[in-house]
Amino acid sequence: HKFEICADANNAVAESNENNNCVPQTFTVGGATGQQQDLIVESPGFAPQSAVVGNSMTFSGTVKNQGNANAATSSARMRIDVNNDGSWDVLPADTSTSALASGGTETETWTNAWAASAGTHKFEICADIGGNVAESNENNNCVPQTFAVGVGAQTGQVTYSNFNCN
């Protein structure tokens, strides 16, 4: 914003220089300089840790405001790349993240989000997916992690002993 203070605004006094009566000033309205929020995801995880085919998988991550200003409410997303090929095949519902004070955290959980299949997979958790929070760094909101699911014990296996083909 800008304002101006002037002397002899109505030109009531005859002066040698009528062009130096005003001094303009500018000012800014807003928060303190350098105050900005920054949401990140810490401690991405899944359960069960030793997953086998068919397990119902739960995923979680902690959203943290590592900025120096309070952050408004936002949303977090978890998604799974089943074949670890760059496509996001499983997209459970987003979760709501509460307003977070500077340094504040909130753990988000997606319970029974996916039935495990064999192979190497990737999941990713992202904070502030809707861009509701103006952050000092908009490029650190997502954390991917790969994990493997084993086949587990086979059922219906028959073992023969003392077998003779005479």
Side-chain angles (χ1 to χ4, degrees), residues 1-6 9 21-153:
H1 303 286
K2 185 176 182 180
F3 70 94
E4 188 173 64
I5 298 175
C6 297
N21 291 348
C22 296
V23 176
Q25 294 291 315
T26 59
F27 66 98
T28 302
V29 175
T33 303
Q35 296 287 310
Q36 202 163 18
Q37 47 279 41
D38 186 21
L39 299 179
I40 62 169
V41 175
E42 295 182 322
S43 305
F46 59 90
Q49 287 293 306
S50 298
V52 295
V53 172
N55 282 153
S56 185
M57 301 287 297
T58 295
F59 299 85
S60 64
T62 301
V63 176
K64 178 179 182 178
N65 178 8
Q66 69 174 7
N68 57 8
N70 295 341
T73 59
S74 61
S75 295
R77 173 186 66 211
M78 190 281 296
R79 58 188 183 170
I80 302 170
D81 180 354
V82 174
N83 296 312
N84 196 21
D85 61 5
S87 64
W88 299 105
D89 312 295
V90 180
L91 304 166
D94 299 336
T95 63
S96 178
T97 302
S98 301
L100 295 173
S102 176
T105 63
E106 180 175 296
T107 299
E108 309 301 350
T109 302
W110 292 265
T111 303
N112 301 326
W114 177 62
S117 61
T120 300
H121 315 288
K122 182 190 307 183
F123 74 98
E124 178 181 70
I125 298 176
C126 297
D128 191 31
I129 59 155
N132 294 344
V133 178
E135 300 175 69
S136 59
N137 183 351
E138 295 286 357
N139 297 313
N140 63 351
N141 292 42
C142 296
V143 174
Q145 183 174 329
T146 55
F147 65 103
V149 173
V151 175

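Residues take their numbers from the sequence shown, with the count starting at 1. Only heavy atoms go into these numbers, but all of them, side chains included; no hydrogens, no water, no symmetry mates.
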Exercise. Which distance, rounded to the nearest 0.5 Å, do you find between the CD of Gln49 and the CZ of Phe147?
Worked result: 10.5 Å
Exercise. Side chain to side chain contact (heavy atoms under 4.5 Å, CB included) with Thr73: which residues, sequence neighbours excluded?
Worked result: Ala99
Problem set entry | With Ser50 via side chain to side chain contact (heavy atoms under 4.5 Å, CB included) - residues at least two apart | none
For this session: Mind listing the closest non-hydrogen atom pair of Lys64 and Gly103 along with its distance?
Result: CE-O, 4.2 Å
Pair up each side-chain donor or acceptor in residues 112-121 with any protein partner under 3.5 Å, not counting sequence neighbours, and list the distances.
{"residue": "Asn112", "atom": "OD1", "partner": "Ser56", "partner atom": "OG", "Å": "2.8"}
{"residue": "His121", "atom": "ND1", "partner": "Val82", "partner atom": "O", "Å": "2.3"}
{"residue": "His121", "atom": "NE2", "partner": "Ser117", "partner atom": "O", "Å": "2.6"}
{"residue": "His121", "atom": "NE2", "partner": "Gly119", "partner atom": "O", "Å": "3.2"}

Problem set entry | Pairs flagged by side chain to side chain donor-acceptor pair (under 3.5 Å) wherever residues 84-93 is involved - sequence neighbours left out | Asp85-Ser87, Ser87-Asp89
Problem set entry | Closest non-hydrogen atom pair, Ser60 against Ile125 | O-CD1, 3.2 Å
For this session: Please examine the side chains of Pro44 and Phe59, heavy atoms only from C-beta on, and report whether any two atoms are closer than 4.5 Å.
Result: no
Problem set entry | Thr107 and Thr62 side chains, donor-acceptor separation under 3.5 Å | yes
Exercise. If every non-hydrogen atom of Leu39 is compared with every non-hydrogen atom of Ala127, which pair is closest and at what distance?
Worked result: CB-CB, 4.0 Å
For this session: Kindly state each residue pair satisfying side chain to side chain donor-acceptor pair (under 3.5 Å) with at least one member in residues 129-140, sequence neighbours excluded.
Result: Asp38-Asn140, Glu135-Asn141
Problem set entry | Listed once per pair and sorted, the salt bridge (Lys or Arg N to Asp or Glu O under 4.0 Å) pairs that draw on residues 91-116, sequence neighbours left out | none
Exercise. Which heavy-atom pair separates Pro144 from Lys122 by the least distance, and what is that distance?
Worked result: CB-CD, 4.0 Å
Exercise. What are the two closest non-hydrogen atoms of Trp110 and Ala93, and how far apart are they?
Worked result: NE1-O, 2.9 Å
Exercise. When rounded to the nearest 0.5 angstrom, what is the spacing between CG in Asp128 and CG in Asn65?
Worked result: 10.5 Å
Seminar exercise, completed: Minimal heavy-atom distance between Val63 and Ala76, with the atoms involved, is CG2-CB, 4.3 Å
Seminar exercise, completed: Value for CD (Gln35) from OG (Ser102), rounded to nearest 0.5 Å, stands at 8.0 Å
Problem set entry | Full working for side-chain contact (heavy atoms from CB on, under 4.5 Å) between Thr58 and Thr109 | CA-CA 7 Å; Thr58 295; Thr109 302; 3.7 Å; yes
Problem set entry | CD-OG1 distance between Glu42 and Thr105, expressed to the nearest 0.5 angstrom | 8.0 Å
Seminar exercise, completed: Rounding to 0.5 Å, atoms CE (Met78) and SG (Cys126) come to a distance of 11.0 Å
Problem set entry | Gap between atom CE of Met57 and atom CZ of Phe46 - 0.5 Å precision | 5.5 Å
